[in-house]
Structures are given as structure tokens and as C-alpha cells.
Amino acid sequence: MASYHFNTIEKNWREYWAKHETFKAVNDTSLPKYYVLDMFPYPSGAGLHVGHPLGYIASDIVSRYKRHNGFNVLHPMGYDSFGLPAEQYAIQTGQHPAITTEENIKRYREQLDNLGFSFDWSREVRTTNPDYYKWTQWIFLQLFKSWYNNASGKAESIETLLKEFEASGNAKVNAACEETALFDASQWKGFTEKEKEEILLNYRLAFLSEAMVNWCPELGTVLANDEVKDGVSERGGYPVERKLMTQWSLRISAYAERLLQGLDTIEWSDSIKEAQRNWIGKSEGTSLKFLFSSPLSPLHVRGKVASGVAEEDEENDLWFVTGDKAIYFKLKEFARENRRNHTAEEDIIWQKVRNRQLENVKFRRQHIIDRFIADFVSFEYSLIVEIDGLIHNLPDHIISDEARTARLNELGFTVVRFTNKEVNTDLKSVLSRLSDIIKNTKTASTSPTEKGQEIEAIEVFTTRPDTIFGVSFLTLAPEHALVSRITTPEYKAAVDTYVTTSKNRSERERMADVKTISGQFTGAYAEHPFTKAPIPVWIGDYVLAGYGTGAVMAVPAHDSRDYAFAKHFNLPIPEVVEGGNIAIESYDAKEGKLINSDFLNGLEVKAAIKKAIAKIEEEGLGKGKTNYRLRDAVFGRQRYWGEPIPIYYKDGIAYPIDEKDLPITLPEIDKFLPTETGEPPLARATNWKYNSREIEKTTMPGWAGSSWYYLRYMDPHNDQEFASKTAINYWQNIDLYVGGSEHAVGHLLYSRFWCKFLKDIGKVPFEEPFKKLVNQGMIQGMSSIGVNVAQTLKPYVISDGSANNEVLSLPNIYISIELFKIYSLGMNENEYVDEYYKVVKIIENKLVEASKKLFGREKISLGTTPSNTVFSTRHNIPIEFVENNILNIERITGDVQFKDAIFIYDQEFICDTQVEKMSKSKRNVVNPDDICKQFGADTLRLYEMFLGPLQDAKPWSTQGIEGVHRFLKKTWRLFHNNVDEDFELSDEAATKAELKTLHKTIKKATEDIENFSFNTSVSAFMVCVNELQDLKCNKREILESFIILLSPYAPHICEELWKLCGHTESIERATWPTFNAEYLIENEFNYPISFNGKVRFNLNFALDKDIKEVEQAVLANEQTQKYLEGKAPKKVIVVKGRIVNVVL
RNA sequence: GCCCGGAUGGCGAAAUUGGUAAACGUUGCGGUCUCAGAAGCCGUUGUAGCAAUACUUGAGAGUUCGAGUCUCUCUUCGGGCACCA
């Protein structure tokens, strides 16, 4: 064996490991366990690029390190193989996603194998495997069969809920659920099966509900919130709109508090924890009711009226609450006015009905009912008579008349309308029709009308109850249920228009113009809970229907959004907290003293919040409350390539498929598209064995399978359970999880949710799946950019020079970056003019040359100099044609895509560079296979670790890879003699210096792995080898230990050297060397001597020398004297083994 | 707008957690070996200066005997959240 032949060595060892199952983890063992997991990849068609292995290498190093330290290590790998790309590909090509997936997996496996990872492949998991997704479906069924009991703080079987309902209804149940009407036990028993199931759906953790969802028309499916970024789908970037649909969802919101609390117990990066906290979005505040001055309904109240304005009907001993206080007096004025300025037709009728002339019925004229002024009204008969003039035929009047009639009907009135014309021409029939109606109407009962729910208050949620005296209006979400009922007739048209427009605005539009302020007054007023002042009620789309109560109390002085709204609509901005300048902007900070705030005056914000909540609770106006931003996760996808949801329907009721019938496997279908009627692709299945029942046609989202895969690795072939209790109890949760931060709120949150649920139902013993999480940074690509100036040069080659003046169409014209700079600068700046013309000459020559080649014309006429504007587009040039920014023209023009392109350059074609995400479309992908071929997997592994801290993003560059390769060659040479390159070690005892070098490295390597500081341990290895080389060390004692340290990073070369050392077993079985501090003990130290903190020179002293003696020796030194300039030092600080500082 | 994380030679980066800034690697330059090249090997490479020496961690201030490291203000670059009341 001569020099280091990495290709052969690596191939041999990979075969050895596979044959001997070196990395197989065993389940039943007395050894301590260590579970290292990588986020399993989605096998895309593009294959792995050099960025992917970064995390795998790190986790592999840790796995190997732990094995050396006596742990039974579980380090598995698998594939997250359901997903959109394979299905999109299937739609385009007709290729079955299963086939595409299989091919991609094969390629992934080859690439992974090339890197020498110590995965236990006997435990491979694929989410698309029916043996696997059987259990994904099983977990879904458990969610369906469970509800979340807030009282016990965990999920429970739906059976416990049924028992409770049967015993005492739902009044005492404290569940995470949809709002459900109260019922008692007897009512429950009286419900039909369908009614019962519908109620249960409100409680189930997997439930069907009608909800606003993110609908992506391009992908033909709904998406979860975390799959939508900036209003477009995360996969593909297609627009997403809001749509009301009936959908399967998972009640993750039930776990909001536990998901939040759990974050404090796990070792994750601050940024990911913060992202999750943000996503969960806990906020503590209070609910608060804004009462309406008078209940809008019931209208008729017998006896005394608690609030509002009432008029007495003496004769019948009735009190009539006839209007809202806020507008009552205004209306009363109008009414008086109307009576004075009555129309002729109104007067004709009045003269016929006054004083009980007609059927002995008492009519009132121009009377206020609710928010309207009725022409004539009889309370006894709940009858309203309206005489409509011509104006009522105008379109907007028709609308408001309808609304008015509807509202009055709702209040129990019969509304009769006559036109002026009818009154004038046929009074007789008008009066007789009126008589008939009266005869056919029963006298109004004196009990309150049943119709319409009582609107007493608008409830808001606020985190700033201290600013209650700064409220100047309320804003409701346009979708708020009360909007239509509180809107006054005169605002109805405007409110309707506003509601419709905001509904039609897509999510994206709403996001795109956050700045635009819009809203509409409803005409309604609520009452301030303390001052009783009327507060106008607005609607505005800055208020979200889905959060809190969908209504806010607007405090413009102390909330920037309310401020903007108030400014825009010119609403008052009362200041209640000192400290800001509300003339310029709102003062949102939770600091300062309360002013203009009655009982809160003078308090600090924090104290004021407490006091305000206390007062609100005391008066029964509201309650301290916690809100979460986290929404339930939409779970159904209208797609083919996912796990079928194990549900069937009978009479419109969803039932779970029997667990023993799982898995529900995917059917074969003809096309991977929705049906003509818009049903999901599964509806195309003609001979699916489940077709006998009406089975659910949507499938699960991509994150379903990945939410629990880590459990399956523990016991991957179990067909009785998703994993045996023994296996789960042994492996427990993951000790180290490595993956990208892009899954911060998706996968990582869902997995935690499922884990907590599985714990609740007694299937796993732990609350958190991933104890420690390390996010590897992205390895970015270095793109080579060519400047395409075809547009600019168009005027140059304008014709072919022939008589016909045929215009030639130009191919892509790329120009070298430096020529481009001169060219574009020179056009506008005189100092570059000479160079500019040189470049123009080069361009002309190139173009002529290219024309000859492309068009076969000897002569072409060149147009005039291009205009001052440089049109250029930047194109990514495939990096395989570029080396050190220099484009290989010969090779690129040999490529079919570029064969006609014109390249303009002087000596060499220099590309511009840009760091961006590595991707196929950017043509900047570096394939690890190529690096392996050139330098070997060990070099690649070591180099990726050496690039920088694991967590940091860094651009890929091959600069430096040779240094790492050189290091491995040096290591190899340590074991071989210089003369004939034969393996040769000495069995002599190691010297002190050699031992010091080794143990320094043991210490560093051990600490660095524990701290995930892989880059620094690589440099420690380099230092070690450099030192050993200087010491000409070839001692077995030293070198054998060293290669154990190195082996997690560069396993192949170390295995080979280990074997050459005479070992018959894999180095993987060797014990990690023990660090012995004795070898590092020094007896003297070269003290840096500093003056006022600046180091000037060094002095050597024994380490056991007394501090005082050191001080004296330093002061006695002649160099010290120079810096002292004859003065006495103020102070001398001696830190043993560190530094001496003389203060002047 | 809010929240996190950065900023150190030509480049990737390191710094025992407050104690000699720039380890390790790369690049460049010089040398050696060689018919020549590759591969090795040796020297050198923060800035200014012939030098002794002085200065230097985005900017400014502060704490300290001593600050890349702690505190405050600002500049700037990443990342996350984004009408969440």
C-alpha cells in the first residue's frame, strides 16, 4: 500500500459495514440508549445537493461518537414520500406518483450511501408504505374518538363525554370545542342520532366543520396556515384565497397552552422556540361587554322597564319600549317634524283612523318603533301602516324599505304598505283592506315577542383594559354575526357594500395593502360600560373575525391600528396614558400614568390593568381571559398522493372505519385530477374496494406521516401496534434531532401536538418528542450570472445586408461582466469613453463573426450605436461550465441549450456571482457525488464540517476543500514511512510532548462534539497532525488514539488505518480515548505583561511562583522600567496563569 | 411595525466566556525539489512604517486594572411574525 487511495478504501468499507450490519441498533439491551434523528427527506426528483448532507454528517458524527462511548445508538433514516411534487409531476406526465417516488428514493439512497453514513437501514420508514400509513390512519381515528377535557387537562375518550351528556347534559363540561348550545340530559336523550353526531363533532379532536380555509385553485386543494406564505402557497407559489368549505380539521388549539409550556422544557434554539411562541400567540387580557342602551328586542314589555326609553299606553297598562336611547331623541324630533309636515295622503288616512274610528283600533301617528318612524301604528294589533310616496320607488329606497320591513316583521309587526296613488284614487278599498287585516289579526299578546335573539351587548377582547376610558368607538369584523342586526336602515346599503367588498378581497390583497384603511359606520351606538356615553359602532376589515370575539374596543390614542382608523375617519382620539405625543402617533407602550380615567387616574399601566380587570369582573361586564392565535389545523387535502382519511358517511353522518380494516389503501385512478364535478381525485376510483360505502374522498396533508415517524423507527416492522411498549419505553424521546429551521412552525409543532395526544391516550410515556434540536444552516449556492444583452444589441444587427433587408432574429447574447461594466458606464461617463469604444469594437467583431456562423452571411449591416439605456437581463449560467468565475466557452457552446448563444468577451469570459438558495432552477446545484469522486466522502464530510458553525448559513465554495484533503493525506503519511511509503508504526513509549498533543486533542474533540462545534474540532485535528508531524511521531500509542477521535468525521480512512494497525474489528467498536489532564499540566507560564491593558512584552515565570514575587520580578524588569518612565505604578494586577497588568 | 440572531484580515472563520485578537484552512507572494508539471516541503501574508514601534474586532459612548466579549445609543445585514386588539 502506497499512497492514500480514497476511492478504493471508501468502497471497501461501505461494503464491509453493510455486510456486517455494523450500525444496527438492537431493541432489547442493557446498554444506555441514544436516539439521534435526522429530519427525513422528501425524495424530490432533483436528488441531493451538497447542502442536504450537512445535518446528516453532524448527526452521524454524534452517533458514532456516542457508540464509541458505549451507547446503543438508534440512528435511522427514511423518506417522507407523500407530497405534492410527485403528484404535480403525475398530472403533467401521467406517471404514477408511486413510480416517481420509488425512482427518487433509489437515487437518494445511492447518494446517501456514497457518504458513509452509519444509518441502521433495517429500520427504514416510508410514509407511503401502507404498513406505515395504516398507523397514521389509526392515530387519526384515535383523534376522532377523543375530546379534550380542559378540566383534566388532557384528551379523553369520547365515551367519557357521552356518559356525561347522558347524565347531565353539557352544562358542566369544560371542553376545548366549538360553541355549542346548552342541553340537559333529557334533551340529549331526545336528540336524533344525526343531531347527536353533529354535537359530538364540536368536541372531537379530529372534526368536520365549515370553516374559512386557504384554498389554492392552482393546486386544487386547501392548505394549512403554515403552508401559506405571503398569500401564496409555499409549494409552487400559487395564489391562495379564502373560501368557506366543509373540512376535516385537527383541534390543535386545545393543546395551545401545553405546546407553549413545553417549550421551556426542551433544548431548542431560541429562534425556533420564539417562532413557535409567536405562532401560538398567547395573549392575556379580558373580555368586556358594551351594552346597548336598551335591548333592541323584545319590544313589548309589560310593567316597569329596566332601561331604555319607554312610552306608556295608559289604556292597556302596557309599557312600550319603542326605541334605542342613543337615537331616540333624534328620531323623536324627526317624528314631530313629520307630524307637522305630513303629506296630504297621510292626512287622509289619519282623518279616517284617528280616535278609534276604524274597527275601534287605536292608531298612533308618526311613532318611533325600534329605529324607525312608522307612519301609523297599532300596538294592540302589532300593525304598521305605511303610506309610500313616489320616492319609495327609487332603488335604494326599495332596499331600505325591505330591510325595514324585515326588521319590523322580526319584531312581530305586520307591515302594510299603500301608495299615495292608492290613497288618492281608491280610498275605499284601502280602508276595507285595512279592516280585513285587523279582523284577521289576533290582538297582540302582552308577553314579550319570541322572535329574534336578545341583543344586549357587543363583547370585545382587550389586553389593555386600563385604556377603557380612551375608547372612542367599537370596530367589528365585517363577518361579525351582529353586523346585519345592529345596522340602522340608513346605513344598511353602505354596510352591505362594505361587507361584500371585504369578503371578495383575497387574503393576498388584504395582505398587500395593509396600509389602506377602510371601514364603515353602522349607525348603531353602544354604551360605554362606565361613563354610559354612546359609543359608535363601526365595521372594518382590520379586525379579524377569527380572533378573540371578532370585535375590538378602539382606543386610538394607544393602539396604532385604531389610531390610523380614527385619523382616517376623523374620530376622536382621547388620551388616557401619559408619555406619548398623540398628535403625531399613538402611544402603545405599556408604560406611564393613567389620566382622564376616573377611578384609574394616577395609576401606572400595570396597576391600572389589574384594577380595571377587577372592576370589570366586579360589575359583571367581563372576565379575565386568555386568547391564542393558534388556529385549528385543516387536515383534508383534495389530492391523490396522501393517506386516505379513514371515514365513511351514512345519512350524512361521518363514521370511523373499523380499526381492523386499516389500512385504507389508495385506489388506482385514471387521471390525477379532480373530477368534472369538482370532487377530489379519489372520487375517480371506479373499482375501489371501499366504494360500497360512501367513503371520505380527501386525503391527509403531507405533515400527517411526518408527525409520528420517529416512533415507528423504534419498532418498524410491528403489525400489531405502531410500536411496541417495550421499544417505546426503551428508546424514549429523541436525544438529538437535526434538521432545517424551515420546519419551525409546521412539522415541529404538529409532531409535538401528536406526541402530547399519544401521551394522553397512554401510548407514549413522554410529553415532548424532541429533547434537543439543532438546526443546520442552509448551504447556499454560488450562482454564476451571465449578462444577457440581446435587447441592448438589437439595433446593432438590424439587417442581413441583403437587398431585402431581412431582419435577423438574435439569439441570446451574453457579455463578460467586466466588459459589461465598461460598456454600461462608458455610455454615460466621459472618462470611460476610450475603453468604451474598445468594447464596442469587440462587440462588433463578435457579432459579425456570429452572424457568419449563424446565418451564413458574409456581410451584415450593423445598426447605429445603441441608446443610452442598457437593457440587460441576468441569466443563471449552469455552474458546471464555470470554473473560478471563468466560463468555459468551448464546453458551454457544446451544450444543446447554448449552441447558438453569442458570448462576448476579451481574454476570458468572466461571470458575475451571486449567493442564493441552491436549486435546480438557479443552475447552481453542486452534487455531492462529484465531490466524492474527486476527493472522497471523508474529505467532503470533513470539509462540510470545517466550513463554519453548523447553525450558520454559508455559501458553498470549493475553495478550501483541498486543504482538508491535504490534511487527510498528511494523516495517512503519519502511518507510513517516508522512504518507501510502507505502513510503519513504532511501539516505543510516547514522549511527554506527544502525549500533550494527543490529550489536548482528546479534550477539544470531546468538548466540541458535545457543543456541536464541529468546525473547531476539525481545526484541532489539523493542529494535532501538524504537531505530530513536527515531532516526527509514529508511535502506535498516540496514533491509534488519534484515529478514534477522527473516525466519526472521516470513518473510511480511519477504518483502513485501524485495520492496518492490526485490528480485526471495526474501529466503530473502539472505546473513545480518555482525557488525562496530567499531560497538560505546565510548570511555567509565559506571562503577557500589559500596561493599562495593552500587552507590551512577555515574561516567563514558574506557575507556582507567588503572585507577590511575580509582581516584584515584573517591576524589577528593565523593560518595565521603560514603560514606567520613572514613575511608580498605581497598581499591579497579577492573575495567575493569565496576565499581568500594570496600571500607570 | 414587532421579535430573534449577526457584523472580526482578500476569503471561510477562531478566541478558554472579561485576560496576549486573528488559531486552523484558503488565497497571494517568495523559495526548495523536478527535464518539466502535479504532489510535497520551507518561509511570508491585518494595516502603517526601512525599522524600533504604533494602530486595529460596523460607529459612538459607558462600566472595568483590563472589553471582540458586559451596558446604552446608532448604522447595517440576515431570519421569523405580521392588522392577533
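These numbers come from a predicted model, not from an experiment.
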(message) Taking only the P atom of each, what is the distance from B/rG58 to B/rA14 in whole angstrom?
(response) 14 Å
When all nucleic acid strands are considered with a 4.0 Å heavy-atom cut-off, which category describes [X]: base, sugar-phosphate, or nothing?
{"X": "A/Val1095", "result": "sugar-phosphate"}
{"X": "A/Arg277", "result": "nothing"}
{"X": "A/Lys1136", "result": "nothing"}
{"X": "A/Asp952", "result": "nothing"}

Of the nucleotides [options], which one has an atom closest to the side chain of [X]?
{"X": "A/Ala275", "options": "B/rC24, B/rG80, B/rU20", "value": "B/rG80"}
{"X": "A/Pro949", "options": "B/rA14, B/rG25, B/rG40", "value": "B/rA14"}
{"X": "A/Gln1029", "options": "B/rC41, B/rA23, B/rG40", "value": "B/rC41"}

Protein-proximity profile, nucleotides 52-71 of chain B, B/S/- by nucleotide at the 4.0 Å heavy-atom cutoff, equals --SS---------BS-----
Hey, what are the protein-to-nucleotides 3-9 of chain B N/O distances that come in under 3.5 Å?
{"from": "B/rC3", "atom 1": "O2'", "to": "A/Glu274", "atom 2": "OE2", "distance (Å)": "3.4"}

| query | Does A/Ser741 place a side-chain N or O at less than 4.0 Å from the phosphate oxygens OP1/OP2 of B/rG80? | reply | no
Exercise for review: Give a yes/no answer on whether the side chain of A/Asn1015 brings an N or O atom under 4.0 Å of OP1 or OP2 in B/rA14.
Suggested key: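 Answer is yes, contact under 4.0 Å.
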Report task. Inspect the contact between A/Glu1111 and A/Lys1108 and indicate whether a charged nitrogen and a carboxylate oxygen are less than 4.0 angstrom apart. Result ->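 Salt bridge absent between A/Lys1108 and A/Glu1111.
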